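Whatever order the structure lists them in is the order used to number ligands and atoms, beginning at 1. Heavy atoms only: backbone and side chains are in, while hydrogens, waters and symmetry mates are out. Everything numeric in this text was worked out from a predicted model, so none of it was measured.
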Amino acid sequence: MSKITSITGQEILDSRQKPTLAVTVKTDTLAEGYCFVPAGASTGAREALALPLPEALAGLKEIADLLVGQEVSEQDKLDQLMIDADGTENKSRLGGNAMIGASIAIARAAASENNQELFQYLKPLSPQNQTAPPPHLFMNLINGGAHAPYGSAIQEYQVIPQTNDIRQALAIGRQTFAHLETLVAKRFAPSDFTQGDEGGLAINDPDPELPLELLTEAVTDRDRVKFGLDAAANSFYRDGQYQLADQTFTTEQLSRWYQNIFRQYSLFGLEDPFAEEDFTAFANLKKHLFNALIIGDDLTVTKEDRLQQAIEADSINSLIIKPNQIGTLTETINTINLAHTAGIKTIASHRSGETTDTFIADIAYAFGCFGLKAGAPDANFRDQKYKRLLAITTIDGK
Ligand code: PGA
Ligand code: ZN
C-alpha cells in the first residue's frame with residue numbers, strides 16, 4: 001500500500017519551444033513518477049483539450065486536492081475520479097494536458113513502487129497481445145501540412161522497415177534518412193529545405209508525389225522498407241473539397257488519387273485520408289485497398305465511442321493511439337483493448353510538439369501495438385522514443 005502525498009506541476013518547453021507541463025507524483029513510500037506532456041498541432045476536433053499553462057496548472061492543483069491520500073496503484077479509480085470531477089466531454093475544465101500528465105505520472109509512481117519499469121507495470125493491464133512481437137517503426141522522414149513551413153499538403157511521408165528487430169529497423173531508418181538528406185541537399189537550394197516539426201525534412205515544393213519519389217531513391221533495399229502517409233486531410237479540406245497543390249478534388253477523385261499512388265509506390269499505410277467526420281469515405285477506400293492499412297487518427301481520437309463508430313461503419317483496420325488525445329491512461333487502455341478485440345491494429349504515436357518523455361514507447365511495447373510512430377530517427381526528442389524501445393526489448397530479452 002502506498003498513498004499519494006503530492007501531485008505538482010511546472011512549466012517546461014516542448015520541441016516547438018512552447019510551454020507545456022511536467023507533472024510529478026510522490027507517495028508516502030517515497031516512490032515518484034513523472035510525465036512531460038506532449039502537444040499536437042493538427043489536432044482532431046474531438047480531442048481532449050490542452051489548456052494554456054496557467055489554467056492547466058490550476059487544473060492540476062484541483063487534481064492534487066482530489067487524489068492526495070488515494071492509493072497510487074488504483075489507476076482506474078483515480079482516472080475515473082478525474083473524469084467525474086472534470087465533468088466535460090473533452091476534458092476542457094481540468095485540462096486534457098493536466099489529466100494525462102497526472103495519469104501517466106501516477107502509473108510511473110506505481111511502477112516504481114513495485115520496482116518495475118513502466119512497460120512491465122502496464123503489461124498485465126492488457127489481456128490480449130501478451131506475446132505480440134515488438135512494434136514496427138513508423139518513421140516520418142518528410143514533413144508537410146501543418147508540420148512544415150512549406151511543401152506538400154500531405155503531412156507525413158513515413159518509412160516503415162519490415163522487421164520487428166528494433167536494432168535493424170533503426171539502422172534501416174537512419175540509413176534511409178541519411179541518404180535522403182544527401183539527396184535533398186544536392187537537389188535543392190539551402191533556403192528550400194529545413195527541419196519540419198517531427199524532425200523530418202520539409203521541402204519547398206508543393207508536389208505531393210515528390211516526397212515519394214525522393215524516398216524511393218533514398219531507400220537501398222526496397223524489399224525491406226515500406227512507405228506510409230499521414231494525409232491529415234482535415235488540413236486541406238474546405239467546403240466539401242480537398243486542395244492538393246494546384247488540384248481541387250472531390251472525395252471520390254481524392255480516393256482515386258490515393259488508389260493510384262498506392263499502386264505506383266506500393267504503399268503500406270494511409271492515415272486520415274479524408275476529413276474527420278467522413279466515416280463513409282474511409283470505408284469506401286478501405287474496400288478498394290483491402291490489403292493496405294487504413295488508419296484513423298483525427299477520425300477516432302483514441303476514443304472508444306469513435307472507434308466503435310468506425311468499427312460499425314467498417315471505416316478502418318488500424319488506429320493511432322495518442323494518450324493525450326483522450327486524456328487518461330485508463331481510457332487509452334480501453335480503446336487499445338477494444339481495437340485488439342475487433343482485430344484492429346494499433347499504432348502508438350508521439351505528438352508533433354514533443355518532450356523528452358518516452359512513455360509512448362512503453363505503451364507501444366506493453367500492449368503489443370503493431371506500430372510505434374515517433375518521427376525521424378535522428379531528431380532529438382524523436383530518437384529517444386526509438387532508443388527507449390530498443391532498451392525495453394533488451395531488458396525484456398527480445
Ligand atoms: P499532431 O500530428 O501531433 O500535430 O496532431 C500528428 C498526427 O497527425 O499524427
Ligand atoms: Zn495523424
Side-chain angles (χ1 to χ4, degrees), residues 14-18 20 36-50 90 96-97 100 135-149 151-160 195-200 202 227-237 242 258 267-278 282 285 293-303 306-307 310 315-316 318-327 332 335 345-355 357 359-360 363-364 369-376 379 381-382 385:
D14 72 11
S15 55
R16 277 191 282 252
Q17 300 300 307
K18 292 206 173 125
T20 188
F36 305 154
V37 180
S42 67
T43 48
R46 291 168 193 272
E47 284 197 27
L49 192 73
N90 65 347
N97 44 351
I100 196 64
H136 288 83
L137 306 186
F138 286 60
M139 298 166 156
N140 177 11
L141 301 194
I142 301 183
N143 299 180
H147 295 165
S152 167
I154 288 184
Q155 184 178 279
E156 300 179 14
Y157 293 82
Q158 306 149 354
V159 300
I160 306 145
Q195 193 179 51
D197 281 7
E198 296 198 344
F227 298 154
L229 301 182
D230 179 3
N234 278 328
S235 63
F236 56 91
Y237 177 73
Y242 295 90
Y258 287 134
L267 299 188
F268 184 56
L270 179 52
E271 180 179 333
D272 281 345
F274 301 103
E276 65 194 353
E277 295 302 329
D278 203 343
F282 275 72
L285 183 63
L293 300 181
I294 302 296
I295 307 164
D297 174 17
D298 293 341
L299 180 82
T300 36
V301 291
T302 317
K303 258 184 146 185
R306 294 288 289 185
L307 172 58
S315 305
I316 53 171
S318 324
L319 96 152
I320 293 291
I321 296 292
K322 291 170 172 168
N324 79 326
Q325 221 171 24
I326 183 64
T332 305
T335 302
K345 291 184 165 68
T346 53
I347 301 159
S349 167
H350 70 159
R351 301 308 304 252
S352 55
E354 259 305 329
T355 69
D357 200 325
F359 66 80
I360 201 66
I363 287 177
C369 293
F370 178 78
L372 170 65
K373 182 171 98 141
F381 290 121
R382 319 287 158 185
K385 277 74 169 167

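Not a single donor-acceptor pair under 3.5 Å links the side chain of Thr20 to the backbone N or O of Pro38. Between the side chain of Thr43 and the backbone N or O of Gly40, no donor-acceptor pair lies under 3.5 Å.
Contact annotation: Glu156 places no N, O or S atom under 2.8 Å from the Zn ion (ligand 2). Taking backbone and side chain together, Glu271 holds an N, O or S atom under 2.8 Å from the Zn ion (ligand 2). With 2.8 Å as the limit, Asp230 counts as an N, O or S neighbour of the Zn ion (ligand 2).
Within the structure, the closest approach of Ser42 to ligand 1 falls below 4.0 Å when heavy atoms are considered.
When distances from the Zn ion (ligand 2) to the N, O or S atoms of Asp297 are compared, OD2 comes out shortest.
The distance criterion of under 3.5 Å between nitrogen or oxygen atoms is not met by Ser349 with respect to ligand 1. Residue Ala41 has at least one nitrogen or oxygen atom sitting less than 3.5 Å from a nitrogen or oxygen atom of ligand 1, judged on distance alone. Residue-to-ligand polar distances keep Arg16 apart from ligand 1: every N/O pair is separated by 3.5 Å or more. For the pair His350 and ligand 1, the shortest N or O to N or O distance does not fall below 3.5 Å. Of the N or O atoms in Glu47, none lie within a sub-3.5 Å distance of an N or O in ligand 1.
Counting heavy atoms closer than 4.0 Å to ligand 1, residue Asp297 contributes side-chain atoms (C-beta onward) but none from N, CA, C or O. Under 4.0 Å from ligand 1, the heavy atoms of Asp230 that appear belong solely to its side chain.
Regarding atom 8 (O) of ligand 1, its nearest protein heavy-atom neighbour is Gln155 NE2, 2.9 Å.
Of all heavy-atom pairs between Ala231 and Tyr258, the closest is CB-OH, 3.4 Å.
A salt bridge links Arg46 with Glu277: the distance from a Lys NZ or Arg NE/NH1/NH2 to an Asp or Glu carboxylate oxygen falls below 4.0 Å.
When each of Arg16, Glu198, Lys385 is paired with Glu354, the side chain to side chain contact (heavy atoms under 4.5 Å, CB included) condition holds for Lys385 and for no other. Here the options are Leu299, Leu285, Ile295, the test is side chain to side chain contact (heavy atoms under 4.5 Å, CB included), and the partner is Ile316; only Leu299 passes. For the side-chain hydrogen bond (donor to acceptor under 3.5 Å, both in side chains) test with Gln325, the passing option among Thr300, Asp297, Thr335 is Asp297; the others fail. Of the listed residues (Lys322, Lys373, His136, Glu271), just one forms a side chain to side chain contact (heavy atoms under 4.5 Å, CB included) with Ile347, and that residue is Lys373.
Inspection of the Gln155 and Ser235 side chains reveals no N or O donor paired with an N or O acceptor under 3.5 Å.
Taking the six-membered ring for Trp and thresholds of 30 and 60 degrees, Phe274 and Tyr242 have ring planes more than 60 degrees apart, a perpendicular arrangement. Between Phe268 and Phe138, the ring-plane angle classifies as tilted under the 30° and 60° cut-offs.
In this comparison of Gln325, Lys322, Glu354, the heavy atom closest to atom 7 (C) of ligand 1 sits on Lys322. Closest heavy-atom approach to atom 5 (O) of ligand 1 among the candidates His147, Arg351, Glu271, Lys373: Arg351.
Under a 4.0 Å criterion applied to the non-hydrogen atoms of Gly40, ligand 1 contributes the atoms 1 (P), 3 (O), 4 (O), 5 (O). Each of the following atoms of ligand 1 lies closer than 4.0 Å to a heavy atom of Glu156: 6 (C), 7 (C), 9 (O).
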